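These notes concern the structure reproduced below.
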2 protein chains.
Amino acid sequence: MPKPVADRGKAAKAAAPVNSDTHGPGGGRRHFLNRTLLVDTAISVIEEDGPEALTFRRLGAELEVAPTAVYRHFPDKDALLRALGDRLLEVALEGFVPGEDWRSTLHAAAVTARRAYLSHPRVATLAVARATTNEATFRFADICLGALRSTGLDTAVAARFYLALVDLTLGSAALEAAFAGQDAAVLAEDDAAWSGKLLEIAAPEYPNLVAAAPHLRGAYRDDHFEALLSLLLDAVSVHLPGSAEY
Amino acid sequence: MPKPVADRGKAAKAAAPVNSDTHGPGGGRRHFLNRTLLVDTAISVIEEDGPEALTFRRLGAELEVAPTAVYRHFPDKDALLRALGDRLLEVALEGFVPGEDWRSTLHAAAVTARRAYLSHPRVATLAVARATTNEATFRFADICLGALRSTGLDTAVAARFYLALVDLTLGSAALEAAFAGQDAAVLAEDDAAWSGKLLEIAAPEYPNLVAAAPHLRGAYRDDHFEALLSLLLDAVSVHLPGSAEY
DNA sequence: TTTTCTTTGTCAACACCGTTGACAACGTGC
DNA sequence: GCACGTTGTCAACGGTGTTGACAAAGAAAA
C-alpha cells in the first residue's frame, strides 16, 4: 500500500502556537522539515480530506510547525502542487524495471503510470492540470522511447507513438481520477441519476442513452483502458520495419 | 470565433460601489443578470487572465454589479464552475448535425467535443475535474451511442466503445488543454528546456529522450489525436456484425 | 574561543477570498 | 392599495496565501 510517511505530530492541537518546551531540548528542531516530508504530508492531507483541505496552516499544524515555515522549501503554493504531481510519478517509477521485449515494457510503463495516478485520485486531479518538467517524467519518457526505438522504428515515428501513449494513459487516468476523487455523497447521487429507471423519466428524448445506461455505470474502466492500450500497441506492431506497411 | 458575449460594463471602475444614478432611470436594473450572462462573462475572464482571476468580486466588477449578486443565480462557486464546463459542451453541440454514416458521426462528435474544450483551454482544465450530469453530456452520449447501435452492434459492446471514445477524446483534450492553458512565459521556458541542446546537457542519462526531443516539441497534437481516433474507429469496424470476429 | 554569516523556523500583519444575513427596491397578484 | 416574492446592495466574518522583520542554531572564518 502506498500510504506515505508523515507521522510526526499527527494530532496537532489546532493552530496553537508552538510551545518551545514541547520540542525536546536536544531535539532536532533545526533541519527538521524538507521537501519530501512536506510533499508526503500534503499528499496524505489531500487524500484524507480533499484538495481544499490542503492549506499552509493545515500543513503546519500537521507537522507542529509554523505555517510559514513551508515557504523555506517552496516559493509558493503552486510549486508545492507541482511537486505533488512529480512525486506521484516518482514513487511509481521507483521499482520499475523494463520488460523483456518492447511490448511488455510499454505495457508495464503505461499501467504503472496509470496506477500511480489512480492510487491518489484527488492529488492526480490537481497535478494533471500543471505541466511537468521533472526527473520522473524524463525517465518515463526515456524508457518508453527506448523501447520503441529498440524495434528499429524511426525516431520521429517513435516520438509520435510515445505522444499517443502519453495521451492515452495520462488522459484516461486524469478523467477517471477526476471521477473517483469526488465525495462519496456526490458519487452516490450521480450513480442514482444514471442508473436507468430514473434516467428514463428524466430524459426520455435520449433513447440510446437510456438503453445503454446499465452498461455504462458498471463498466470496468481498467478493462477498457487495457483494450485501448492493446489497440495502440497493435498499431505499433504494424509499423515495425519487418512487417508490411499496410 | 467563439468569443462569448459579456459586453455590458466592460471597463468597470475597480470595485467602486454602484452609484444608483449611473444606471438609467428606466433602465433594466432588475432582472439584468442571468445564468448564461454570468457564465459567459466568467469564461471570458478566465480566458483573459487565467482561472485564479475568476472571483465573485471580479465578476461583479465586470458587470457593474455587487459581487454577491451572483449568489442569486448560483448557490456557490463550485456550481458556477460546473456550469462553465456544461456551457462549453453546450455551445459546441449547438450546431452539431450527425454525419451520414456511423463513422463520420462518431468522428465529427469526437472532433467537435475536442475543439470545444481546446477553444477555452483554461476553462476546460477546471471543468474536466468535475463530473458532469447535464443536458449537453446526455445529448452527446445519445448521439454517439445511437451511431454505434445503428450498426447493429450489441448495446453492451456499443457502451464499451462509447466509453473508450470518451476516454480518448476528453482525456487527450484535458491533457492538451492543461498544457495550452499555461502562461506564455512558462510555455516559452518549457519549450527551451525540451529543445534538444539544453536537454542534452541537463539530462545526459536519457539518450532516447535527447534523440527524440526535436520530434516531441513540434508535434502536431491534432494529427495524432486523429490517428488514435482512427485506430478506435477501425476497431469498431472489426466488431461489426457483418465482419469476421478476428 | 569569539565573531560573523547563512539557514531555517516564528510571529504579526496584509490584502483578498468565498460566504452569510439583514436590508432596500422593484414588479406581480390579490 | 397592499402584501409578497424576486433580485441586487452592503457590511461583516472567518479563512487563505503571502510578506517582512525577527530569533536561534549551526557552519565558517578570525
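Naming: A, B, ... by sequence-line order, numbering from 1 per chain. This one's a predicted model, so the numbers in the text were calculated from it and none came from an experiment. Hydrogens, waters and symmetry mates are skipped; everything else that's a heavy atom, side chains included, is used.
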Is any side-chain heavy atom of B/E90 less than 4.5 Å from a side-chain heavy atom of B/E135?
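No, every pair of side-chain atoms sits at 4.5 Å or beyond.
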NA contact type, B/L59, heavy-atom cut-off 4.0 Å: base, sugar-phosphate, or nothing?
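The answer is nothing, as B/L59 stays clear of every strand by at least 4.0 Å.
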Categorize B/L80 for me: base, sugar-phosphate, or nothing, with a 4.0 angstrom heavy-atom threshold over every strand shown.
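Contact class for B/L80: none.
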Please give, in whole Å, the distance from [N] [atom2] to [X] [atom1]?
X     : N      : atom1 : atom2 : result
B/Y71 : C/dT20 : OH    : P     : 6 Å
B/R58 : C/dG18 : CZ    : P     : 12 Å
A/L33 : C/dT10 : CG    : C1'   : 12 Å
A/F56 : D/dT18 : CZ    : C1'   : 8 Å
A/L54 : D/dG17 : CG    : C1'   : 12 Å

Does a distance-only test, which skips hydrogens and angles, find a donor-acceptor pair under 3.5 Å between the side chain of A/R57 and the base of D/dG15?
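Between D/dG15 and A/R57, which were checked side chain against base, a qualifying N/O pair under 3.5 Å is absent.
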Any side-chain N or O of A/H73 below 4.0 angstrom from OP1/OP2 of C/dG9?
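Result: yes.
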Is there a side-chain polar atom (N or O) of A/T68 under 4.0 Å from OP1 or OP2 of C/dT10?
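A/T68 to C/dT10 OP1/OP2: no side-chain N or O under 4.0 Å.
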To the nearest 0.5 Å, what is the distance between CG on A/L126 and CG on A/L81?
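Reported to 0.5 Å precision, the distance equals 5.0 Å.
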Name the closest nucleotide to the B/R72 side chain, picking from D/dT18, C/dT19, C/dC23.
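Per side-chain heavy atoms of B/R72, the pick is C/dC23.
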Counting side-chain heavy atoms from C-beta on, which of C/dT10, D/dT18, C/dG9 comes nearest to A/A66?
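Among C/dT10, D/dT18, C/dG9, the one nearest the side chain of A/A66 is C/dT10.
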Check for me whether the distance between the ring centres of A/Y71 and A/F56 falls short of 6.0 Å.
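Yes, the ring centres sit under 6.0 Å apart.
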Test the A/R114-A/F225 pair against the cation-pi criterion, namely NZ or CZ under 6.0 angstrom from the six-membered ring centroid and within 45° of the ring axis.
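Here A/R114 passes the 6.0 Å and 45° test against A/F225.
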On DNA chain D, check which nucleotide each of B/N34 and A/K77 is closest to and give me the residue with the more 5' one.
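Of the two residues, B/N34 wins.
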Toward the 5' end of DNA chain D, by each residue's nearest nucleotide, B/P67 or A/E52
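Closer to the 5' end of DNA chain D: B/P67.
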Looking at A/L63 and A/T41, what are the two nearest heavy atoms and their distance?
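Closest approach of A/L63 to A/T41, heavy atoms only: CD2-OG1, 3.6 Å.
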